[in-house]
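Counting convention: from 1, in listed order, for ligands and their atoms alike. Remember, predicted model here, so these are calculated numbers, not experimental data. Note that these values count all heavy atoms, side chains included, but never hydrogens, waters or copies made by symmetry.
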Amino acid sequence: MSAKFQPFTTEYEFDTGKLNPEGRVIVRKLSHMKEMYLDQKAVEERVEEDPLIYEVYNVELPETMAHIQHCTTILYPGKIGNEYFMTKGHYHEILDRAEIYFCLKGKGQLIMQTKEGDFKKLEMVPGTIAYVAPEWAHRTVNTGDEPFIFFAAYPGDAGHDYGGIETEGFVKLSVEENGEQKLIDNPRYQKV
Ligand code: PAN
Ligand code: ZN
């Protein structure tokens, strides 16, 4: 038999958004990302309950450029204060590695920014394919009332850099005001 890496399939479960086999699963609860929400009083009120914010099901592959990492994210509906449930968001460790997101279920936003402070928001519904261009940090936000589920694929060596986002935050925050979704300036954002 050849020593080459063997092709394989993974099953996407349409009802749950999970993968089979599940692969490497990442579970993010409020306690894992407390500092990222603006309303710290609301965080304190919810942290004991510690709601599940999102899960990522990763096909396990070597982290080299030859491979294409792929995974599904299930981002649950909800808010902390008036800020929608969201992913942490990150730059790729190798900054110029791009990514493709394909929305499968629910609705949400893909918010992006560059280190220069450019900002971009894309709306995502089932069927939307979004291109995260090289050098753009990316975060998803669930603006609906059911799980927002998407598939992602990106170069195997991309890596994840959360540090910058944890300290500087995103340029804008996605909040609900008077029953309507709005983007507001993040008072904590500081350009690095
Ligand atoms: C996605 C994200 C996933 C979770 O697979 O990693 O949606 O978001 P955070 O990594 O920001 O917590 C991706 O963009 N991978 O590169
Ligand atoms: Zn990414």
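Regarding atom 8 (O) of ligand 1, its nearest protein heavy-atom neighbour is T87 CB, 3.5 Å. Here the protein heavy atom with the shortest distance to atom 13 (C) of ligand 1 is E99 OE2, 2.9 Å. Protein heavy atom at the shortest distance from atom 14 (O) of ligand 1 is Y101 OH, 2.6 Å. The protein non-hydrogen atom at the shortest distance from atom 12 (O) of ligand 1 is Y54 OH, 2.5 Å.
A distance of 6.0 Å or more separates the ring centres of F85 and Y76.
Distance NZ/K115 to CG/L95: 5.5 Å, rounded to 0.5 Å. The distance from atom NE2 of H160 to atom CD1 of I165, rounded to the nearest 0.5 Å, is 12.0 Å.
Remark: distances from the non-hydrogen atoms of G89 to ligand 1 include one below 4.0 Å.
The shortest N or O to N or O distance between F150 and ligand 1 is not below 3.5 Å. Between T73 and ligand 1, an N or O atom pair is found at a separation short of 3.5 Å. Any N or O atom pair closer than 3.5 Å counts here, and R28 shares no such pair with ligand 1.
Within 6.0 Å of the CD atom in E49, the count of heavy atoms belonging to other residues, nucleotides or ligands exceeds 12. Atom NZ of K121 has more than 12 neighbouring heavy atoms from other residues, nucleotides or ligands inside a 6.0 Å radius. Under a cut-off of 6.0 angstrom, the local environment of CG in N178 is sparse, with at most 12 non-hydrogen atoms contributed by other residues, nucleotides or ligands.
Among H90, R139, H138, H92, the residue whose heavy atom lies closest to atom 6 (O) of ligand 1 is H90.
Residues Q181 and T143 have side chains that never bring a donor and an acceptor to within less than 3.5 angstrom of each other. Remark: the H138 side chain and the H90 side chain contain an N/O donor-acceptor pair separated by less than 3.5 Å.
Note on the Zn ion (ligand 2): protein N/O/S atoms under 2.8 Å are H90 NE2, H92 NE2, E99 OE1, H138 NE2.
Partners of F102 according to the ring-ring contact (aromatic ring centres under 6.0 Å, His included) rule, which considers only residues two or more places apart in sequence or in another chain, do not exist here.
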